[in-house]
Amino acid sequence: MAESDEKRNFFENVYEVVRQVPSGRVTTYGAIAAFLGAKRSARMVGWAMISSHAQAGIPAHRVINRNGVLTGKHFFGGPDAMQGLLEAEGVEVENDQVKDFDRLFWDPARELL
DNA sequence: GCCTTGACGGTAA
DNA sequence: CTTACCGCCAAGG
């Protein structure tokens, strides 16, 4: 029963980490996955975000891919919804790509730990 | 029950 | 430096 519970915990862990992301900061799927010990399963983090759509307090718009591109902007109900949210927090977005991504990158294993 | 797709990432060529 | 392919895990068809 441990394995099934851990799987569920993985999703819950993702929600918790994303929830700790401060405004004006962005993180990546790989960073979260690596923080959870599944650095090779960054895709699952993205899948968890889709499930997080039903959760509250999950700033999924702050979670993007390692390229700094708003890969899941289409899942926010609008092509510019995610970009608008980031810009509203002070994050400059250019062509669906976060500017100064390296400067705004929030690493859970570096700042949260 | 098997195959394909998917909010990714890293390494190889 | 850019492009291509494979790998991980889960869910939908």
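Computed from a prediction, not measured in an experiment: that's the story for all the values here. Here is how names work: the chains are called A, B, and so on, in the same order as the sequence lines, proteins then strands, and each is numbered from 1.
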Holding to side-chain contact (heavy atoms from CB on, under 4.5 Å), I want the full list of residues that pass it with [X], two or more places apart in sequence or in another chain.
X     : result
A:P22 : A:R25, A:W106
A:R40 : none
A:E92 : A:K99, A:D100
A:K39 : A:A34

Could you tell me the separation between the [atom1] atom of [X] and the [atom2] atom of [Y], rounded to the nearest 0.5 Å?
X     : Y     : atom1 : atom2 : answer
A:T27 : A:R62 : OG1   : CZ    : 11.5 Å
A:I64 : A:L86 : CD1   : CG    : 7.0 Å
A:L36 : A:F11 : CG    : CZ    : 11.0 Å

Residues of residues 91-109 of chain A with a heavy atom under 4.0 Å from any atom of DNA chain B, listed by number, are none

Expected list for residues 20-30 of chain A near DNA chain B, using heavy atoms below 4.0 Å, is A:T28, A:Y29, A:G30

For A:D107, the salt bridge (charged side-chain N to carboxylate O under 4.0 Å, His left out) test, sequence neighbours excluded, returns none

Applying salt bridge (charged side-chain N to carboxylate O under 4.0 Å, His left out) to A:E111 and not counting sequence neighbours gives none

A:A42 has its side chain closest, among B:dC8, C:dC9, B:dA7, to B:dC8

Compare every heavy atom of [Y] with every heavy atom of [X], then report the nearest pair and how far apart it is.
X      : Y      : value
A:S52  : A:Y15  : CB-CE2, 3.2 Å
A:P108 : A:F35  : O-CE1, 3.8 Å
A:T28  : A:F101 : CG2-CZ, 3.3 Å
A:V14  : A:M49  : CG1-CE, 3.9 Å

Residues pairing under ring pair (Phe, Tyr, Trp, His ring centres under 6.0 Å) where one sits in residues 56-85 of chain A, two or more places apart or in two chains, turn out to be none

Output row for DNA chain C, stems defined as at least 3 consecutive Watson-Crick or G-U pairs under 3.5 Å, is B:2-6 with C:9-13, B:8-13 with C:2-7

Could you state the [atom1]-[atom2] distance from [X] to [N], rounded to the nearest angstrom?
X     : N     : atom1 : atom2 : result
A:K39 : C:dC8 : NZ    : P     : 12 Å
A:N13 : C:dC9 : CG    : P     : 16 Å
A:R43 : B:dT4 : CZ    : P     : 14 Å
A:L36 : B:dG9 : CG    : P     : 14 Å

| field | Electrostatic pair A:D96:A:K73 at N-O distance under 4.0 angstrom | value | yes

List, with names and distances, any nitrogen or oxygen atoms from the protein found under 3.5 Å away from nitrogen or oxygen atoms belonging to nucleotides 11-13 of chain B.
none

In numerical order, the residues of residues 45-74 of chain A whose heavy atoms come under 4.0 Å of DNA chain C are A:W47

